[in-house]
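In what follows, a structure is listed as structure tokens, so that the remarks can point back to it.
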Amino acid sequence: MARHHGLQRRPLGARSGIEVTRIGIGLWPVPGGDWGPGNDADILEAIEAALDGGVNFFDTADVYGSGRSEELLGRAMHGRRDNFVVATKIGWVGFDHTAFRSQYDTVEKLVLGVEQSLQRLDTDYVDLIQCHIHNDEPNTDVFIEGFRRLKDEGKALTWGVSTGELAHVERFNAEGDCDALQIDYSILNRIPETEVLPYCLENGIGVIVRGPLAMGLLTDKFSANDTFPEGDFRRDWIEDPTENEQFLADLETVARLREVVPDGDSMAQFALRFTMAHPAVTTVIPGARNRRQAESNTESGHRPELSPTEMRAVGSVVPAGGGRKIWPA
């Protein structure tokens, strides 16, 4: 397939010198992870489809499929590393959810962890390394110092944090050298519009949007009678009474959104266009488990951002700054 190079690119923050496509791909939903059954070939096909569509930004993490995601991305990059802007994350492995403390309590441990990611990715450097931990993590200074060392050594070109809390972003950016934030943001979660996105815009921090399809809710393919396969974390949406109540409420919101999706857009494409429209957003990274999903997502990057009329229509369903947090980390 001929490669499409028409995707708009945006600077990843004010200082990095790196430009990324306005839509990328998230590689959390790999086999052996949290999204149920799958196979490696489909993920590799999704990566290839994203490349074919002009995408250059690929986001993964050390814990996705216990390293499998990084390994698959490394396999896909073989012999053509320059076609990829690679972001990975570190912090969740060995995480004590009671004490809110990761195993990375020294800079040396952190650097070793990132070097292990580099081995799985089969590359000498990542374009972006991100902190992937709870907001109350007491070892934050270890991450900042470690990321600066990795940058000095050329093993990471930029660094940032994945969080939804303004105080955590401010802590990482205390000296003005945090390059990027990864944050959950979607039509169903407009909370970042109130504080975090304006802060990033003002401080030249690149914004990577995860969860733009709200864990699949904004694909409009679920119903109250659905089930999820073994190994898919979304089973809790059905089996846990509290989460099921929220799931049903979310389905009602999605049903209302159907009325504002224009002809020619799927709801997923409309939702992606929404997130790309915010001026603070650098790139949006919907997950994809196969070529078809990757092609549909990438096509959204070739479409115009939402018009003021469309934005008002969204606001009639979920007001600016409204909604709920879909994913805590």
Heavy atoms only: give me the nearest [X]-[Y] pair and the separation to one decimal.
{"X": "Pro262", "Y": "Phe270", "value": "CD-CD1, 3.3 Å"}
{"X": "Ile23", "Y": "Gly301", "value": "CG2-CA, 3.9 Å"}
{"X": "Ala271", "Y": "Pro212", "value": "CB-O, 4.0 Å"}
{"X": "Ser296", "Y": "Gln269", "value": "O-NE2, 3.4 Å"}
{"X": "Val281", "Y": "Arg10", "value": "O-NH1, 3.0 Å"}
{"X": "Pro192", "Y": "Pro198", "value": "O-CD, 3.8 Å"}

Using 30° and 60° as the class boundaries, would you call the ring planes of [X] and [Y] parallel, tilted or perpendicular?
{"X": "Phe147", "Y": "Phe172", "value": "tilted"}
{"X": "Tyr185", "Y": "Phe274", "value": "tilted"}
{"X": "Tyr64", "Y": "Trp28", "value": "parallel"}

Can you confirm whether [X] sits close enough to [Y] that some side-chain heavy atom of one is under 4.5 Å from a side-chain heavy atom of the other?
{"X": "Thr140", "Y": "His168", "answer": "yes"}
{"X": "Val126", "Y": "Leu157", "answer": "no"}
{"X": "Arg75", "Y": "Leu72", "answer": "yes"}
{"X": "Cys131", "Y": "Ile144", "answer": "no"}

Any donor-acceptor N/O pair, [X] side chain to [Y] backbone, under 3.5 Å:
{"X": "Asn173", "Y": "Val169", "answer": "no"}
{"X": "Arg148", "Y": "Trp159", "answer": "no"}
{"X": "Thr283", "Y": "Thr21", "answer": "yes"}
{"X": "Gln130", "Y": "Thr88", "answer": "yes"}
{"X": "His78", "Y": "Asp122", "answer": "no"}
{"X": "Thr298", "Y": "Ala294", "answer": "yes"}
{"X": "Asn297", "Y": "Gln293", "answer": "yes"}
{"X": "Asp240", "Y": "Glu243", "answer": "yes"}

Between Glu115 and Arg149, does a salt bridge (Lys or Arg N to Asp or Glu O under 4.0 Å) hold up when you go through it step by step? CA-CA 12 Å; Glu115 288 173 342; Arg149 180 184 297 183; over 6 Å; no
Can you confirm whether Glu245 is buried at CD, in the sense that more than 12 heavy atoms of other residues, nucleotides or ligands lie under 6.0 Å from that atom? no
More than 12 foreign heavy atoms under 6.0 Å from CG of Asp124: is that the case here?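 Not more than 12 within 6.0 Å, no.
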Same cluster or not: [X] versus [Y], using hydrophobic residues (I, L, V, M, F, W, Y) connected whenever any side-chain heavy atoms lie under 4.5 Å apart?
{"X": "Leu7", "Y": "Val86", "value": "yes"}
{"X": "Phe57", "Y": "Ile183", "value": "no"}
{"X": "Leu272", "Y": "Val209", "value": "yes"}
{"X": "Ile129", "Y": "Val85", "value": "no"}
{"X": "Val261", "Y": "Met276", "value": "yes"}

Would you check if there is a donor-acceptor pair between the side chains of Glu70 and Ser117 at a distance under 3.5 Å? yes
Going by atom types only, do Thr309 and Arg312 share a side-chain donor-acceptor pair under 3.5 Å? yes
Are [X] and [Y] within salt-bridge range, i.e. N to O under 4.0 Å?
{"X": "Glu45", "Y": "Arg292", "answer": "no"}
{"X": "Lys151", "Y": "Asp177", "answer": "no"}
{"X": "Glu137", "Y": "Arg171", "answer": "no"}
{"X": "Asp59", "Y": "Arg210", "answer": "no"}

What's the verdict on side-chain hydrogen bond (donor to acceptor under 3.5 Å, both in side chains) for Tyr125 and Glu153, showing C-alpha distance, side-chain angles and the deciding distance? CA-CA 9 Å; Tyr125 70 97; Glu153 295 174 354; over 6 Å; no
Give the intermediate values and the outcome of salt bridge (Lys or Arg N to Asp or Glu O under 4.0 Å) for residues Asp40 and Arg68. CA-CA 9 Å; Asp40 292 350; Arg68 196 169 189 174; 3.0 Å; yes
Full working for salt bridge (Lys or Arg N to Asp or Glu O under 4.0 Å) between Asp184 and Arg324: CA-CA 10 Å; Asp184 185 274; Arg324 70 175 185 92; over 6 Å; no
